[in-house]
Amino acid sequence: MIQVQLPDGTVLDKDDHSTALDIAAGISDGLRRATVAADIDGQVVDATRPLAELTDLRPVPLKLLTTRDAEAAAVLRHSCAHIMARAVMRLYEGVGLAFGPVRGNTFYYDFDLDTPIREDDFPKIEAEMKRIIREAEPFERFTMNRADSIQLCQDLGQELKVEHIETGLADHEELSFYRQGEFVDLCRGPHLPHAGMVRAFKVLSVAGSHWKGDASNRPLQRLYGTAFFDKKELRAWLEQLEEAKKRDHRVLGSRLKLFTISPEVGQGLCLWLPKGATIRATLEDFIRDELLRSGYTPVYSPQIGRVEMYETSGHFPYYRDSQFAPLFGHSAGQLVDYWIRALDPDDADVSPPTADQEQSLLEAARVMGFPADDFPLNGSTDDKRRRLREWERQQERYLLRPMNCPHHVQMYRAIPRSYRDLPVRLAEFGTVYRHEQSGELNGLLRVRGFTQDDAHLFCTPDQVEEEFRKTLQLVQYVLDAVGMDDYRVQLSTRDPASDKYVGSEELWEQAESTLRSVLSKADIPFTEVAGEAAFYGPKADFMVKDCLGREWQLGTVQLDYNLPERFELEYIGPDNRPHRPVMIHRAPFGSMERFVGVLIEHFAGAFPLWLAPEQIRVLPLSEKSDAYAVDVAERLQKHGFRVTADLQSARVQAKIREAQLELIPYMLIVGPREAEQNAVSVRCRIDGDLGVMSFEDALDRFIKERDARTVRQIVKSTMADVGETTASVGEY
RNA sequence: GCUAGCGUAGCUCAAUUGGCAGAGCUCCGGUUUUGUAAACCGGAGGUUGUGGGUUCGAGUCCCACCGCUAGCUCCA
């Protein structure tokens, strides 16, 4: 006999081989049918496995997971991924299985398959899945030792699974498989009792991916899908997705005339239209005030800087491909630069030129004015590179700046610094340019030219903690000012295995532990992610989600012991000796582009009064009241409001509708009655008609609301709660 | 950059197997003089992303390029 304890405290005596499903059946038949999996001491497991083999705890702490539990939905989706894979294997020849995990409300399965799967193929895949679901076969778990597992996967022709057992699962003695009819898959589980429990599903999209997420590995096809226990839930989720898309900043940005991106200007280069620019300027004014209060000093620096400086900082060598190519004062520069890269045996992106190609390169360079006469075309690669480098070094080479820090570093260096001057806080809305991959560009959220609300703090090691704490508070303060409370703090540290970071182990450890301790002391919950650090130092990133649930980094605070080292920065200490300062990089908004993009979605375009590009619109009832409307608008404008008067020859209903669709916070309807008493009829975008009040009362109300920066959201983002299920189901 | 999809008026979309490029909104002109989410009439607006090809004939089929979207990879 085995004792089982249910969440309500009831303890049951059961047969040794009893399963969760048996227990459910013992309570009621309805519960048996609804039972999807079991939770034993926090572990989600198959409902069909004997409880005795799942835990040593007695009595067994059992929680039945039914179709109502979030963890159960994850199990459902994972099983549905298996069903989809089974359908694909029935429809296509030679399908290699990779991974098929659950991601939020969706799941995917990666296939190694030569025939491209197209959207047109979804109906036939779904039809096959339906057939499998109708068959309602059970998911049967079995385990094998390593050798047998490898043999089985080989027999099944699943090479990727063999590779995974040999590499990723090297420390597993025993491996589990799930069988569903003819379909057998290496899988950790858990799964549904049987396929018939899938009541609603949909194949969503197909995309490319790579084996184990490495772009140098073989390309795979990733099929996305979703599943629910109930058709209504599926429909509701799809509708929610459609709703969420309506707050897309790209759609609202063009409907509300906030910004545009023209291919003729260039991909990823945004054009701020007057209304978007107003929002941005308001935010800039807001943060500028805060910075002055916090002891920052504004500075300005140019958009380009010499390549040599970026070589010192490390940007140029480390991030060459994501920068725009250097600008040369000399026409031959670009060509010579390419040639040098092509001769570099370590540069995998450019293959070495053939003799013919080199001849052509030399001819072209000569035409452009390169001194080619005594060029050692038949000499060694080293000779050629030396010669080209020598020439290149004499040229003026500039980089469109990818970051502001080197410029600010030069400002720090321009003046001898004493410990008494520190911390030095240099702030600039610095525009930077990065050559992001074309597939990465996304509206305002990922662009090639953007402006950071950047600042660099230079302080003594003693001041680091205090300064770091204050910058974190600043980020929280600005997010709070716009009511953005839906963020996550990520401590981005280096990946010790990677070579893309500069500086010594000790400096990194020092920086990372400082960060960790400040975050903990400030009581800010954070998740630590290795490998996400900047190349010069770790950072605390403030992450938010867009309307589709994708996460973006906004504010960031970065700790840097490396650039001061590389640029040999100094200050004179109390001991009259030179010391090395520590740098803090920080940007509370991150970039104006991304911040405004996220903000548009956050407010669904309905900006609070202090941010709205057009704050108030005066709507005369007819032309008879035009003069009074203009008068009201002018008086509001004198108090600093962004206000217009709608003098169209239209009915007031039409004017209201238009203002409402343009998400203007306040409408003032004025007719002869109002004109007579110097009054306005106030209509609020959110609350509707507020009735007639005197001009002064209305003005007072607007001033209070604006100056308090009151934030009211019409609708809360719905995508924020879509898709966070963390149950441990999925691939090994 | 990779995989898949998409590109018709400023916007949202239509155009049968390849057979005369169309509608609503916006915009412009006029009528209307209006009380809290759409008054009425008329007009303009296009080398169907660009370039090539197949065809008697291409928005529709093929190729290349440009751009957009989702995902992947990347992200200082």
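The chains referred to below are lettered A, B, ... by the order of the sequence lines, with proteins before strands, and numbering in each begins at 1. Hydrogens, waters and symmetry mates play no part in the numbers below; they use all other heavy atoms, side chains included.
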Exercise for the section: Run the ring-centre check on A/Tyr412 versus A/His456 and record whether the distance is less than 6.0 Å. Expected result: no
Exercise for the section: Please measure how far the P atom in B/rA15 lies from the corresponding atom in B/rG7, and state the result in whole Å. Expected result: 12 Å
Protein-nucleotides 74-76 of chain B N/O pairs under 3.5 Å:
| unit_1 | atom_1 | unit_2 | atom_2 | d |
| --- | --- | --- | --- | --- |
| B/rC74 | O2 | A/Arg446 | NH2 | 3.4 |
| B/rC74 | N3 | A/Glu440 | OE2 | 3.4 |
| B/rC75 | OP1 | A/Lys500 | NZ | 3.0 |
| B/rC75 | O2 | A/Arg446 | NH1 | 3.1 |
| B/rC75 | O2 | A/Arg446 | NH2 | 3.2 |
| B/rA76 | OP1 | A/Tyr319 | OH | 3.3 |
| B/rA76 | N6 | A/Ser322 | O | 2.8 |
| B/rA76 | N6 | A/Ser322 | OG | 2.3 |

Handout entry: Comparing A/Gln267 and A/Ala207 on RNA chain B - which has the more 5′ nearest nucleotide
Key = A/Gln267
Handout entry: Nucleotide nearest A/Ser649 when distance is taken to its side chain, options B/rA37, B/rU32, B/rG35
Key = B/rU32
Problem - Distance-only polar pair, side chains of A/Gln452 and A/Asn404, donor-acceptor under 3.5 Å - result: yes
Exercise for the section: Measure from the side-chain N and O atoms of A/Arg448 to the backbone N and O of A/Tyr433, and report whether any donor-acceptor pair falls under 3.5 Å. Expected result: no
Practice task
May I ask you to establish whether A/Arg222 and A/Tyr108 are in a cation-pi arrangement, using a distance under 6.0 Å from NZ or CZ to the six-membered ring centre and at most 45° from the ring axis?
Solution key: yes
Problem - A/Ile656 side chain, from C-beta outward: closest of B/rC72, B/rA37, B/rG71 - result: B/rA37
Set out, line by line, the N/O atom pairs under 3.5 Å between protein and nucleotides 42-50 of chain B.
none

Under 3.5 Å, side-chain donor or acceptor atoms of residues 255-263 of chain A against the rest of the protein: list the pairs with distances, not counting sequence neighbours.
| unit_1 | atom_1 | unit_2 | atom_2 | d |
| --- | --- | --- | --- | --- |
| A/Arg255 | NH1 | A/Leu661 | O | 2.8 |
| A/Ser262 | OG | A/Glu264 | N | 3.0 |
| A/Ser262 | OG | A/Val265 | N | 3.4 |

Practice task
Indicate, with yes or no, if the rings of A/Tyr319 and A/Phe535 have centres closer together than 6.0 Å.
Solution key: yes
Handout entry: Pair A/Gln648, A/Asp646: side-chain N/O donor-acceptor within cut-off below 3.5 Å
Key = yes
Pull out every protein N or O sitting under 3.5 Å from an N or O of nucleotides 5-8 of chain B, one pair per line with the distance.
| unit_1 | atom_1 | unit_2 | atom_2 | d |
| --- | --- | --- | --- | --- |
| B/rG5 | OP1 | A/Arg118 | NH1 | 2.8 |

Exercise for the section: Classify the angle between the aromatic ring planes of A/Tyr536 and A/His585 as parallel (below 30°), tilted (30 to 60°) or perpendicular (above 60°). Expected result: parallel
Exercise for the section: Rounded to the nearest angstrom, tell me the gap between atom NZ in A/Lys212 and atom P in B/rC2. Expected result: 26 Å
Handout entry: Distance-only donor-acceptor check, side chains A/Thr106 and A/Thr226, under 3.5 Å
Key = no
Practice task
Please name all residues satisfying side chain to side chain contact (heavy atoms under 4.5 Å, CB included) with A/Ser216, sequence neighbours left out, ordered by chain then number.
Solution key: A/Asp214
Fill in the blank from the handout: Between A/Asp248 and the options A/Lys245, A/Arg250, A/Lys246, the side chain to side chain donor-acceptor pair (under 3.5 Å) test singles out A/Arg250
Problem - Centroid-centroid under 6.0 Å between A/Trp508 and A/Tyr561 rings - result: no
Practice task
List in numerical order all residues of residues 623-631 of chain A for which some heavy atom is under 4.0 Å away from an atom belonging to RNA chain B.
Solution key: A/Glu623, A/Lys624
